Number of protein chains: 2
Amino acid sequence: MEHAERLLAAAGELFYRRGIRAVGMDDVRAASGVSLKRLYQCFPSKEALVVAYLERRDERWMGSLTSYVAEHGGSAEAVFGWLERWFAEDGFRGCGFVNAYGELGATSEAVAEVARRHKRRLRDYLRGLVADDLLADQLLVLVDGATVTAMVDPERATQAARAAGQAARALMTAREK
Amino acid sequence: MEHAERLLAAAGELFYRRGIRAVGMDDVRAASGVSLKRLYQCFPSKEALVVAYLERRDERWMGSLTSYVAEHGGSAEAVFGWLERWFAEDGFRGCGFVNAYGELGATSEAVAEVARRHKRRLRDYLRGLVADDLLADQLLVLVDGATVTAMVDPERATQAARAAGQAARALMTAREK
DNA sequence: TATCGTAGAGAACGACCGTTCTCCGGAGCA
DNA sequence: TGCTCCGGAGAACGGTCGTTCTCTACGATA
């Protein structure tokens, strides 16, 4: 396997689980088994590695969500079924983009940018699932809100996913009339 | 002990705006005008200062929200009017508790705890505004989701607040029947 | 005035971090 | 065998951070 991929796999796990500033480049080296010299050949700085981590996470996260929804009838309701499953995954720790933005958004414009792009991509995807813009905004708010609740208070994670899903259903049927 | 208050005011501003790990104890000293020695007399470690910052933020944030809602008829809809105003404030950078949790929740159990307590307190307050538990969960999700959207994509901040408020109204009237 | 306690300024300390550099062993080739 | 090139291991470097310590000035008390 290519070095960049091993690095991104290790860095992704560490950054997401511990927070970005809590992970040193040497931790990434140790977890990936790639030498420090090659690490800096693949990614010229930690910021570059962080941005690459977020871009990879965006691809995988969106890919997982969209394929799940496609396999479950393509309705917006399926989004919340996927959320409930995600929240129950081992090592779930909220939205990697929100966490990265909170930690580094004020310092690194590149990190802020990639987080913003991810949220816009998510909104665009949701917009394709429903009839109008207001509903898309509301779905985005429900998804992010449930994710926050699930992160901070894991005991209420599935409760939050279901409450959000029920809200989405209610809003959609109300809009149909 | 006015020193503690000066320290908390300076630390609160810095921690919230820049992120916690990006702020050194010396930055807090410089911004507060309190000597380092006294800083460590008031708060024996950075973690203690961070916890005190979050507790103070909880009090003030909840106080601002609840008094606004009380002055605007005491309905849950007013929550979203308050949100819209908050999002437009200078230096708004999302929920300080979510940001702190994302940055330090994996490292410091004390920080995770105080963030969790804040979210529970908020949910309890919302529970008092509406008729049942499901609706309270949904309001919490809408509040946190709108806050996330407003942080990551400030151009859509008021749009997010209004979409969330409209969703809350729709859910409440649907529940009345 | 002499003495003591206190508080502030900031140097010092040890740890760690991002990044670069040095050194060494082995693979490829003549 | 001898030479060269490459990559890995990890030391080194400059900087920052949390925390503690030193030194000095000053105010109160007898």
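Please read all numbers here as calculations on a predicted model, not as lab measurements. Protein chains get the first letters and strands the later ones, always in sequence-line order, with residue 1 at the start of each.
- Taking the six-membered ring for Trp, B/H72 and B/W82 have ring centres at least 6.0 Å apart.
- A donor-acceptor contact shorter than 3.5 Å links the side chain of B/Y16 to the backbone of B/G94.
- Contacts between residues 34-45 of chain A and DNA chain D, defined by a heavy-atom separation under 4.0 Å, are made by A/S35, A/K37, A/R38.
- Taking atom NE2 of A/H3 as the reference point, atom P of D/dC6 lies 16 Å away to the nearest angstrom.
- Not a single donor-acceptor pair under 3.5 Å links the side chain of B/E84 to the backbone N or O of B/A161.
- In terms of modelled atom types and a separation under 3.5 Å, the side chain of B/S32 and the main chain of B/V28 share a donor-acceptor contact.
- With B/D153 as the partner, the side-chain contact (heavy atoms from CB on, under 4.5 Å) test is satisfied by one option alone out of A/R117, A/R120, A/K119: A/R120.
- Under the side chain to side chain donor-acceptor pair (under 3.5 Å) criterion, no residue pair touches residues 88-97 of chain B, with sequence neighbours excluded.
- Side chain of A/T66 to main chain of A/G63: a donor-acceptor pair is present (N/O by atom type, distance under 3.5 Å, no hydrogens or angles).
- Each of B/R29, B/R6, B/H3 was evaluated against B/R38; a single residue qualifies, B/H3, per the side-chain contact (heavy atoms from CB on, under 4.5 Å) test.
- Listed by residue number, the members of residues 18-33 of chain A with any heavy atom below 4.0 angstrom from DNA chain C are A/V23, A/G24, A/M25.
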